[in-house]
Amino acid sequence: AGVPEFRGPPKFASDRISLLQWNGISYDVVYTWDNIPVDEWVLLGVGRQRSSIGAGMGCNDIEGWERCSTSNSSNSTDAELLEDGATNMSMLIFNCSTYARLGLCNETYQEDADCGGLTMKLACRSSCCLCGDNNPMECLGDTEGGDELPIWLIPAAAGGGGFLFILLVLCLGWFFRLCHKIRICRCCCRALDRCVGRDPGHV
């Protein structure tokens, strides 16, 4: 008899799985996983016991995933898209690329599942940028784009800094009456003296 499944009718299943390798005469056991739950998606790695799907697999999509056309969640998705006139639903394949392209990666659609029960949230981790700190670089485009400095900012800052430096030198020269000794600056310096009420003096 089949083992009861979390979704759908009973199927032949086991909570213990072994990876076998043919040695030319018989099969050798490479590794065995025990206590495999029948109602969860798990990742099996050789040399370690099971882990939740997505753990240790990096930020990748599950290849070939496609939303089941009979899922309840798909009906609401189709209805909203049809109301907006966004696309022809009869020609649309709801895979990870489609969810990302149509902007359907939010929590409203993350429970959409394939016919085996695997949700979009688990299957489309890379396309929908659902890996947190491990997201691919393309997911950071909008975030990091605002931190980049405009090309013109550095030359403008350098020019402004140079102007402020020259202005500071001139102000100090006027304050200590150094510019009064320079013929080309003498008239301007004495005019400034009169503006602030300081005796222009004679140099």
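Just so it is clear, the model here is predicted, and its values are computed rather than measured.
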Checklist entry - Trp65: what forms a side chain to side chain donor-acceptor pair (under 3.5 Å) with it, not counting sequence neighbours? => result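 Expected list: none.
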
Item to check | Partner residues of Thr98 under the side chain to side chain donor-acceptor pair (under 3.5 Å) criterion, sequence neighbours left out | outcome: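 By the side chain to side chain donor-acceptor pair (under 3.5 Å) rule, Thr98 matches Asn95.
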
Search all heavy atoms of [X] against all heavy atoms of [Y] and return the closest pair with its distance.
{"X": "Cys96", "Y": "Ala123", "result": "SG-O, 3.6 Å"}
{"X": "Ser18", "Y": "Thr32", "result": "OG-OG1, 2.8 Å"}
{"X": "Tyr99", "Y": "Arg67", "result": "OH-CD, 3.0 Å"}
{"X": "Gln110", "Y": "Thr119", "result": "O-CB, 3.6 Å"}
{"X": "Ser127", "Y": "Ala100", "result": "O-CB, 3.5 Å"}

Checklist entry - Regarding Asp61 and Ser126, is there a side-chain donor-to-acceptor distance under 3.5 Å anywhere? => result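 The criterion, which ignores hydrogens and geometry beyond distance, is not satisfied for Ser126 and Asp61.
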
Checklist entry - In the single-linkage hydrophobic clustering (I, L, V, M, F, W, Y; side-chain heavy atoms under 4.5 Å), do Leu178 and Ile182 co-cluster? => result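 No, because Leu178 and Ile182 fall into different hydrophobic clusters, even though each may have its own neighbours under 4.5 Å.
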
Item to check | Cluster link Val196 to Leu192, ILVMFWY, side chain under 4.5 Å | outcome: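 In one cluster with Val196: Leu192, yes.
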
Checklist entry - CG/Leu118 to CD/Glu66 distance, rounded to the nearest 0.5 angstrom? => result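 One gets 13.0 Å once the value is rounded to the nearest 0.5 Å.
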
Next on the checklist: So, taking the atom named CG in Asp114 and the one named CE in Met120, what distance separates them when rounded to the nearest 0.5 Å?
Outcome noted: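 So the CG of Asp114 and the CE of Met120 are separated by 12.0 Å.
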
Checklist entry - Is Ile166 isolated, or which residues cluster with it under the ILVMFWY side-chain rule of less than 4.5 Å, directly or via members? => result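 Leu170, all in the cluster of Ile166.
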
Next on the checklist: Checking one residue: Tyr27. Which other hydrophobic residues are in its cluster under the side-chain 4.5 Å linking rule?
Outcome noted: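 Its cluster mates, by chain and number, are Leu20, Trp22, Val29.
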
Next on the checklist: Quick test of your reading: applying side-chain hydrogen bond (donor to acceptor under 3.5 Å, both in side chains), list the pairs with at least one residue in residues 155-168, sequence neighbours left out, ordered by first then second residue.
Outcome noted: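 Sorted result for residues 155-168: empty, none.
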
Checklist entry - What residue pairs, at least two apart or across chains, pass side-chain hydrogen bond (donor to acceptor under 3.5 Å, both in side chains) with a residue in residues 167-176? => result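 Qualifying pairs, neighbours excluded: Trp174-Asp193.
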
Item to check | Derivation and outcome, disulfide (SG to SG under 2.5 Å), residues Cys124 and Cys105 | outcome: CA-CA 9 Å; Cys124 303; Cys105 291; over 6 Å; no

Next on the checklist: The criterion is disulfide bond (SG atoms under 2.5 Å apart); which residues satisfy it with Cys171, sequence neighbours excluded?
Outcome noted: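 Partners of Cys171 by the disulfide bond (SG atoms under 2.5 Å apart) criterion come out as none, since no residue qualifies.
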
Next on the checklist: The criterion is side chain to side chain contact (heavy atoms under 4.5 Å, CB included); which residues satisfy it with Leu172, sequence neighbours excluded?
Outcome noted: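 By the side chain to side chain contact (heavy atoms under 4.5 Å, CB included) rule, Leu172 matches Leu168, Phe176.
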
